Amino acid sequence: MKDILAELNPAQKEAVEAINGPVLILAGPGSGKTRVITHRVAYLMRVVGIKPHNILAVTFTNKAAREMESRLNALVGEQVKNLTLGTFHAICARILRRDGQAIGIDPKFVIYDDDDQISLLKKSLQQLGLDPKQYAPRALQSVISNAKSQMLTPSDFSRKGRSYFEEITQRVYERYEKLITASSALDFDDLLGKVVELFRKSPETLLRYQSRYLHVQVDEFQDTNLVQYELIKQLAGKYRNICVVGDPDQSIYSWRSADVRNILNFEKDFPDAKVVLLEQNYRSTKLILEAASGVISANRQRKEKGLWTENEVGFPVSVIETYTEQEEAQYVVNEIDNLVRRGEVKPGDCAVMYRTNAQSRVLEEAFIRYGTPYKLVAGTRFYERREVKDVVAYLRLIQNPLDSVSLLRIINVPQRGIGQQSLDELSRWAGAQGVTEYRALQLLAESKDTSAALPFTARTVKALTGFAVMLENLIGKKQDLNTVELFDLLIENIGYKKYLEAMPDGEERWENTLELRGVAQDYRDLSPQEGLSAFLESVALVSDVDSLVEKSDTVTLITLHQAKGLEFPVVFIVGMEDGILPHFKSIDDPTQLEEERRLCYVGITRAGKRIYLVRAFRRHLMGASTVNRPSRFLRDIPSQLIAKNSTEESGAGLATAMEKRQEPLIPVDLPEFKAGEHVKHGVFGEGVVVSYQKKGHDAEVTVAFEGAGVKRFLVSFAKIERV
DNA sequence: CGAAAGGCTCTTTTT
DNA sequence: GAGCCTTTCG
C-alpha cells in the first residue's frame with residue numbers, strides 16, 4: 001500500500017493525496033504527470049477503497065488512455081477493467097448509445113468524421129443552391145465545428161453574427177443539422193454536445209451518472225473545449241471530486257476550439273480548488289530544459305513556471321543548417337546512423353518531428369535510401385484510405401440505412417451504372433416525396449409497375465433496384481451473422497476483390513481490405529448487433545496513431561502535435577524555418593504565433609539527452625522552390641546553449657556542430673586521411689581531401705567535393721570513406 | 001454512363 | 001505536388 005506513495009516527490013505526493021474536492025494540477029513537461037495520475041487512481045482504489053466502478057478517467061487520445069491502462073494494470077492489476085477510462089469521444093458515444101433515446105437519438109447512430117461532414121456540407125450547399133467554390137466546405141466545416149464546440153445552435157449563431165458570410169453559414173449550418181439528423185448520424189462535436197444536452201434535459205440521467213462517478217479525473221485539461229469542460233462539470237457536479245491535470249504551455253489545439261481559459265475558469269468555478277505545481281523535470285538535461293524555457297518565455301500570455309531538473313547538463317543544442325530538404329533528411333539519417341554506430345543510442349530512442357505531414361515524405365525517402373528502418377506515425381491514414389472507407393460505408397449503411405453520406409458514397413462502387421445524373425435524379429425524387437434516398441430506393445424496388453411516373457430510364461431503374469435488393473438482403477442477414485461473416489458476405493456480394501484488383505495498386509488495396517477484416521475479427525465473439533456497432537465505433541474513434549505501439553526498435557517519424565505526451569532520448573525537429581515552424585498560416589496572428597511557439601516548446605521538451613534543430617535553406621513548398629529564413633524561435637534560445645554548423649559563417653559542411661561537444665566520444669577507431677586522397681561521403685559523394693588535422697579525441701577533415709564544393713567535417717561524425 | 005485527361009485550387013495540426 | 005473537379009470523348 002505504502003509503495004504507491006513511496007516513489008513520489010513531495011509535490012507529486014501532494015497531488016495524489018488530495019482526493020477530496022477539486023484539484024488543479026499544473027504539470028510541466030517531464031514532471032511525472034502520468035505517474036501522478038495513475039498513482040492517484042491507484043491510491044483511490046487501494047488506499048481509500050473506492051471501487052473502480054466509481055472512478056472516471058478521461059483522456060484526450062486513445063493512446064493516452066491505453067498508456068494509462070497499462071500503467072495502472074501494473075499497479076492494481078485486473079481491477080483496471082472496471083474503471084471508466086477512455087477518451088471524451090468514446091465515453092460520450094457509449095453514453096449516447098445507452099441513454100441518447102431520451103433526447104431522440106437513434107441508438108443505431110453512426111459517427112461522421114470530417115470527410116463525411118464535408119460531404120454533407122456539400123450536399124447542404126447544393127440544396128441551398130450555393131456555390132461550393134464561393135463558400136468553401138472546409139471553411140464552413142471549421143466555423144460550424146467551432147460553433148458546436150461552444151454549444152452554439154444555428155439560431156444562436158444568427159443572433160451573434162450579422163455579416164453576409166455568417167448569414168450564409170447559419171443557413172448552411174441549419175440545413176446541415178437537418179440532413180445529419182435525417183441520416184441518424186452524429187459528428188464528433190455532436191458526440192460531446194448531445195451528452196451535455198442530454199444531461200440538461202434529463203436530470204435523472206445526469207444524476208445516475210453523477211452518483212456513479214465519485215471521482216472524476218481529466219488529463220490534458222488545457223486541450224479541452226467549452227463543451228468538454230461543461231461535460232466534466234456536469235459529471236462532477238454532485239461530489240465535486242474533480243481532478244484536472246494540464247499545462248497551459250502545452251496547449252496546442254486551440255485551432256480545434258480547445259480553450260486554455262478553461263484552466264483559469266477552473267479556479268473561478270471551483271474557488272476551493274487545491275492547486276499543485278509539478279515543476280521538477282525528470283526527462284531532460286539542463287541544457288535542453290533551458291533551451292525550451294528560452295523559447296516559451298518569449299510568449300507574453302503566459303504564467304511563468306519554475307521548471308528545474310537535477311539531471312546532468314548534457315550536450316549543447318545542435319542547430320543545423322542544410323541546403324535543401326533532401327540534405328536535411330540525409331543529415332538526420334546520417335546522424336542517427338552515427339549515434340547508433342557509436343553505441344550511444346538505439347534507433348528506437350530517436351524521433352524525427354515535423355510541423356506538417358507533408359514533410360515526412362522526404363524523410364521517408366532518405367530512410368529508405370539508407371536502409372534505416374523507421375516507423376511513420378499516421379502517414380496515409382489507414383482508415384482514410386478509399387477502399388477502407390468504402391467498405392466501412394457499406395457496413396455503416398447496413399447498420400443504419402438512413403446514413404445518406406455512406407449511401408451516396410458507395411451506391412456506385414463498384415460501378416453499377418448509377419452515375420451523377422441518376423443520383424441527382426434520385427435525390428430530387430426522394431426530396432420531392434419527403435423521404436430519404438434509402439426509402440426512395442425501397443419504394444422503387446417495391447413498385448413493380450414501370451409507370452412513366454418515374455424520372456428514370458428503365459436501365460437506371462434496374463440498376464437502382466438491383467442495388468436496393470442487394471442492400472436489403474445484407475440488412476436482412478445482419479441479425480444472424482457476426483461481423484466477419486457479414487464482412488465476407490458483403491465483399492463477396494459486391495465482387496470487391498475483383499473490383500480492387502483491376503485498379504492500380506489493386507493488390508495493396510485488397511490487402512488493406514483484409515487488414516480491415518482483421519480488425520473486424522476482434523468483434524466476432526460479440527452478438528451480431530453489438531459486434532457491428534462496436535466495430536464501427538472503434539473504426540470511427542480510433543485513429544491509427546493509436547495502433548502504433550510497436551515495440552520494434554526503429555526511429556519514429558511523427559508530427560509535433562502527435563508527439564505530445566511522448567518522450568525520446570534523441571529528438572530532431574526538422575523544418576526550423578519561418579513559414580514551416582511557425583507555420584505561415586499562423587505567422588501574422590500573435591495569438592496563433594504563440595501557439596506555434598508552444599508547439600516548438602512541446603517538441604524540444606520531448607527530448608531527454610539530445611536535441612537537434614534542423615533547417616533547410618531552400619525547400620520545395622507547394623510545388624515551388626522557396627528560400628526560408630531560420631525560424632524566429634531559434635533566436636530565443638540563448639546562444640551559449642547552442643552548437644551549430646554554420647554554412648553561412650565558415651562555409652563548413654554539416655558536421656561542425658559537434659565541435660563544441662563537451663563529452664568525449666566512446667573511443668572508436670577513427671580513420672586518418674591525407675591531403676590529396678580520394679574519399680566518398682554519404683551525402684556529398686566523391687571528393688578530394690584538402691586537409692586533415694587532429695583535434696583532441698577527434699580530427700577535422702576538409703574535403704573538396706565534385707558537386708557540393710568544399711566542406712569541413714569531424715571525422716567521428718561524418719560518414720567518409722577512402723575510395 | 002464511365003474512363004481519361006486537363007485544369008483548378010490550396011495547402012496545419014486531429015478526436 | 002496532390003487531390004478534386006470539370007470537361008471531353010468513346
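Here is the naming used below: chain letters follow the sequence lines, and residue numbers restart at 1 for every chain. Computation of the quantities below employed the complete heavy-atom set of this structure, encompassing side-chain atoms and omitting hydrogens, waters and symmetry-equivalent molecules. Treat the numbers as computed from the prediction; the structure is a model and nothing was measured.
Among the heavy atoms of the strands lying under 4.0 Å from A:Y253 are primed sugar atoms or P, OP1, OP2 only; no base atom is included. In this structure, A:D113 reaches neither bases nor backbone, as no heavy-atom distance under 4.0 Å exists between it and the strands shown. Using a 4.0 Å heavy-atom cutoff across all strands shown, A:F88 reaches no nucleic acid atom at all. Within 4.0 Å of A:R361, counting heavy atoms only, lie sugar-phosphate atoms of the nucleic acid but no base atom.
Geometrically, A:R97 engages A:F109 in a cation-pi contact defined by less than 6.0 Å to the ring centre and at most 45° from the axis. A cation-pi geometry, defined here as NZ or CZ lying under 6.0 Å from the six-membered ring centre and within 45° of its normal, does not hold between A:K123 and A:Y176. Cation-pi geometry between A:R598 and A:Y601 is not met at under 6.0 angstrom from the ring centre and within 45 degrees of the axis.
One atom, CZ of A:R256, and another, P of B:dT14, lie 9 Å apart when rounded to the nearest Å. Here the P atom of nucleotide B:dT13 and the CD atom of A:Q141 are 14 Å apart, to the nearest Å. Here C:dG3 presents its P atom at 11 Å from CZ of A:R385, a figure rounded to the nearest Å. Whole-Å rounding puts the A:Q562 CD to B:dT15 C1' distance at 12 Å. To the nearest angstrom, P of B:dT11 lies 9 Å from NE2 of A:H583. At whole-Å resolution of the value, CG in A:D116 and P in B:dT14 are 18 Å apart. In this structure, A:R138 atom CZ and B:dT11 atom C1' are separated by 10 Å, rounded to whole Å. In this structure, the CG atom of A:L599 is 9 Å from the C1' atom of B:dT12, given to the nearest Å.
Contact of A:H561 with B:dT13 (side chain to base): a donor-acceptor pair of N or O atoms is detected under 3.5 Å. For B:dT13, the base has a donor-acceptor partner in the side chain of A:W255 [N/O atoms by modelled type, under 3.5 angstrom].
Residue A:Q421 is the one, among A:Q421 and A:F584, whose nearest nucleotide of DNA chain B lies closer to the 5' end (criterion: closest heavy atom).
Side-chain proximity of A:H89 to B:dT15, B:dT12, B:dT14: nearest is B:dT15. Nearest to the side chain of A:R355, among B:dT13, B:dT15, B:dG2, sits B:dT13. Comparing B:dG2, B:dC1, B:dT13 by their nearest atom to the side chain of A:N357 picks out B:dT13. For A:T356, the listed nucleotide lying nearest its side chain is B:dT12; candidates were B:dT12, B:dT15, B:dG2.
Pairing for B:dT11 is absent, judged as Watson-Crick or G-U wobble with the two contacts each under 3.5 Å. With a cut-off of 3.5 Å on both pairing distances, the Watson-Crick or G-U wobble partner of C:dT7 is B:dA4.
Salt-bridge formation is detected for the pair A:E177/A:K148: a Lys NZ or Arg NE/NH1/NH2 atom is positioned less than 4.0 Å from an Asp or Glu carboxylate oxygen.
A:N225 has no side-chain polar atom (N or O) that falls below the 4.0 Å cut-off from OP1 or OP2 of B:dT15. The shortest distance between the side-chain N/O atoms of A:Q420 and the OP1/OP2 oxygens of B:dG2 is not below 4.0 Å. Residue A:N62 has no polar side-chain atom (N or O) positioned under 4.0 Å from OP1 or OP2 of B:dT15. At least one side-chain nitrogen or oxygen of A:N412 sits closer than 4.0 Å to the OP1 or OP2 atom of B:dG2. The phosphate of C:dC5 has OP1 or OP2 within less than 4.0 Å of a side-chain N or O from A:K122. Remark: A:K133 is not in phosphate contact with C:dC5, judged by side-chain N or O atoms under 4.0 Å from OP1 or OP2.
Side-chain contact of A:S406 with A:R396: a donor-acceptor pair under 3.5 Å is present, judged by distance alone. Residues A:Y253 and A:N225 bring no donor and acceptor atom of their side chains to less than 3.5 Å of each other.
With P as the reference atom, B:dT13 and C:dC4 are 15 Å apart, rounded to whole Å.
Of the residues A:V295, A:I573, A:D578, the one that meets the side chain to side chain contact (heavy atoms under 4.5 Å, CB included) test with A:S631 is A:D578.
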